[in-house]
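Right, one structure below, let's go through it.
Not measured: the values here are computed from a predicted model.
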There are 2 protein chains.
Amino acid sequence: MDSRGQSAQQQAAAQRRRQLLEAAERVVLRDGPGASMNAIAAEAGITKPILYRHFGDKGGLYKALAKRHTDALLDALRAALDAPAERRARVEATLDTYLAAIEANPQVYRFLMHPAEDAAPLDQSFDIGRHSAPLLRRLGEELAKVIEERIDLGPDGGQRARIWGHGIVGMMHAAGDWWLGERPCARQELVTTMADLLWGRLASAADRPGGPGF
Amino acid sequence: MDSRGQSAQQQAAAQRRRQLLEAAERVVLRDGPGASMNAIAAEAGITKPILYRHFGDKGGLYKALAKRHTDALLDALRAALDAPAERRARVEATLDTYLAAIEANPQVYRFLMHPAEDAAPLDQSFDIGRHSAPLLRRLGEELAKVIEERIDLGPDGGQRARIWGHGIVGMMHAAGDWWLGERPCARQELVTTMADLLWGRLASAADRPGGPGF
DNA sequence: AGACTGTAGTTACCAGTGGTAACCAGTGGA
DNA sequence: TCCACTGGTTACCACTGGTAACTACAGTCT
């Protein structure tokens, strides 16, 4: 074996795989998540069966395609989360990083959030959320880990941290999705307002005069 | 026209439509969101084309199917939101209502959240989130309305209310989805912990000893 | 040289999907 | 009796994901 522990053939195969993934990405960006395997193969200058040899099935291709972006996003978020600053600043930086990413290329993140409903016809077992949004799950778990490591939440803190992790990620995602569709305000304002929500301003805000509180 | 403003024929058609929807619901609950039009038609004891006469296309059927459940859920949530109690109690009641609903029949809500990626092949315009989760959008807007009506958020309060509305709904959804998959704790604990998050406990919690704060 | 093996690539196909055109049968009214 | 209408059907279309069977060319061993 050579210095990297793989033969020249394996290396060539890996490079080919990268080329195919790039072609697939071009097509998905152009045609949306419903892009067909035929279209992807054509873009790569080949035909379907070799795609299947490399990636098994469409899910495999999409998973490989997703991995690169999720890893990149996760790295960026971890960096924001680990920056040397006080808690509020970190939260805002993390939110802003996420929003900047989805703003930069929305198609990619639409694809990541809704990756190919497969729905095996004979699968009796009900698998809610397994294919729904793996990226969100990963983000939630990751955030939960950071929260648990850094904040003292008393007994059962692990449980609380996970709930908060998934909850905050969901908040970020839903608000970001809505914002991206309507663009009702600047990114900074969205970030500040969401951080305010996490800082308890919903609880401390005054009732509107003349009605029962929310 | 008769007392309800429709002929007997129209009335019969509406009833037929209801029957078809019930059959469709049975199939979707059994086979998941990927259920085929053929299967639905067979369950209703008929064949495809009359489904298309009634609902136009699959999206139409699914939209009609979704409407009933979303309306029911929205009503329940509005009731919890409007109950005569203090703010915290209302928030908890609303969260609990949502979680109880998705717990009661998860399949229905999985269907509502991911209703049939259509992705018209020639649609160049990028429509992030338009088909992704109409129910979540509706919930977000609804909550935003309630927040705006009842809480004084100063100038630009409408904007803030919408951000919070979508954010809170996203939090509720993501945490609920995760919880439903793993069932790591009782519903009540999830509700309390999420409400704590909204009440600013993330901001007020102490750092873990020996590290920079989150 | 010549045979053997493995791999990239092809064509041609399969079952099943959403969707539609054309037709058939019964029913009420002129 | 003939006409329009309506619920329903069969038979099809283009296309999808996925696969089997084949060709063509690389390298290797005898």
Side-chain angles (χ1 to χ4, degrees), chain A residues 1-2 6-24 27-28 30-65 111 114-123 131, chain B residues 6-24 27-28 30-65 111 114-123 131:
Chain A
M1 58 179 76
D2 72 3
Q6 46 186 350
S7 73
Q9 300 217 5
Q10 285 173 322
Q11 213 170 328
Q15 185 172 348
R16 191 92 185 86
R17 194 182 150 101
R18 241 170 289 140
Q19 291 175 1
L20 298 184
L21 278 178
E22 278 165 25
V27 175
V28 165
R30 169 164 31 92
D31 296 354
S36 83
M37 294 298 266
N38 256 329
I40 294 173
E43 169 75 27
I46 50 165
T47 49
K48 263 194 308 178
I50 92 164
L51 273 185
Y52 283 95
R53 265 220 270 276
H54 273 270
F55 301 103
D57 63 350
K58 194 174 189 178
L61 204 182
Y62 276 23
K63 223 184 295 183
L65 201 49
F111 165 71
H114 308 280
E117 314 264 341
D118 23 302
L122 296 180
D123 189 7
H131 297 281
Chain B
Q6 45 186 352
S7 74
Q9 300 218 4
Q10 285 173 321
Q11 213 169 328
Q15 185 171 350
R16 193 89 184 87
R17 194 182 149 99
R18 240 170 290 140
Q19 291 175 359
L20 297 183
L21 278 178
E22 278 165 25
V27 175
V28 165
R30 170 166 27 94
D31 295 354
S36 83
M37 294 297 266
N38 256 329
I40 294 173
E43 169 75 27
I46 51 167
T47 48
K48 264 195 306 178
I50 91 162
L51 272 186
Y52 283 95
R53 268 220 268 274
H54 273 270
F55 300 104
D57 63 351
K58 194 174 189 178
L61 203 182
Y62 275 23
K63 222 183 299 183
L65 200 49
F111 165 71
H114 309 279
E117 314 263 341
D118 22 303
L122 295 180
D123 190 6
H131 298 281

Taking [atom1] from [X] and [atom2] from [N], how many angstroms apart are they, rounded to a whole number?
X     : N      : atom1 : atom2 : value
B:I50 : D:dG7  : CD1   : P     : 9 Å
B:L51 : D:dG7  : CG    : P     : 14 Å
B:M37 : D:dC12 : CE    : P     : 22 Å
B:F55 : C:dT20 : CZ    : C1'   : 18 Å
B:Q19 : D:dG7  : CD    : P     : 13 Å
B:Y62 : C:dT17 : OH    : P     : 11 Å
A:R53 : D:dA21 : CZ    : C1'   : 11 Å
B:N38 : C:dG19 : CG    : C1'   : 11 Å

With a 3.5 Å cut-off and heavy atoms only, can you find an N or O donor on one side and an acceptor on the other between the side chain of A:R16 and the base of C:dA8?
no

Side-chain-base donor-acceptor pair under 3.5 Å for B:K58 and C:dG19:
no

Select base, sugar-phosphate, or nothing to describe what [X] touches, counting heavy atoms under 4.0 Å on all strands.
X     : value
B:S36 : sugar-phosphate
A:A39 : nothing
B:I46 : sugar-phosphate
B:A41 : nothing

Ignoring hydrogens, what is the shortest heavy-atom contact between B:L61 and B:A24? Give both atom names and the distance.
CD2-CB, 3.8 Å

Which atom names give the shortest non-hydrogen contact between A:A35 and A:D31, and what distance separates them?
CB-CB, 4.1 Å

Can a side chain N or O of B:T47 be found less than 4.0 Å away from OP1 or OP2 on D:dT9?
yes

Test B:R16 against B:Q19 for side chain to side chain donor-acceptor pair (under 3.5 Å), laying out the working first.
CA-CA 5 Å; B:R16 193 89 184 87; B:Q19 291 175 359; 2.8 Å; yes

Side chain of B:Y62, backbone of B:P33: donor and acceptor closer than 3.5 Å?
yes

Look at the side chain of B:P49 and decide which nucleotide, out of D:dG17, C:dG18, C:dT20, has an atom nearest to it.
C:dT20

Looking only at D:dG18, C:dG18, D:dT9, the nucleotide nearest the A:Y52 side chain is D:dG18

Rounded to the nearest 0.5 Å, the CZ atom of B:R17 sits from the CG atom of B:L21 at a distance of 6.0 Å

Could you say whether B:K48 or B:G45 is positioned toward the 5' end of DNA chain D, judged by the nucleotide with the nearest heavy atom to each?
B:G45

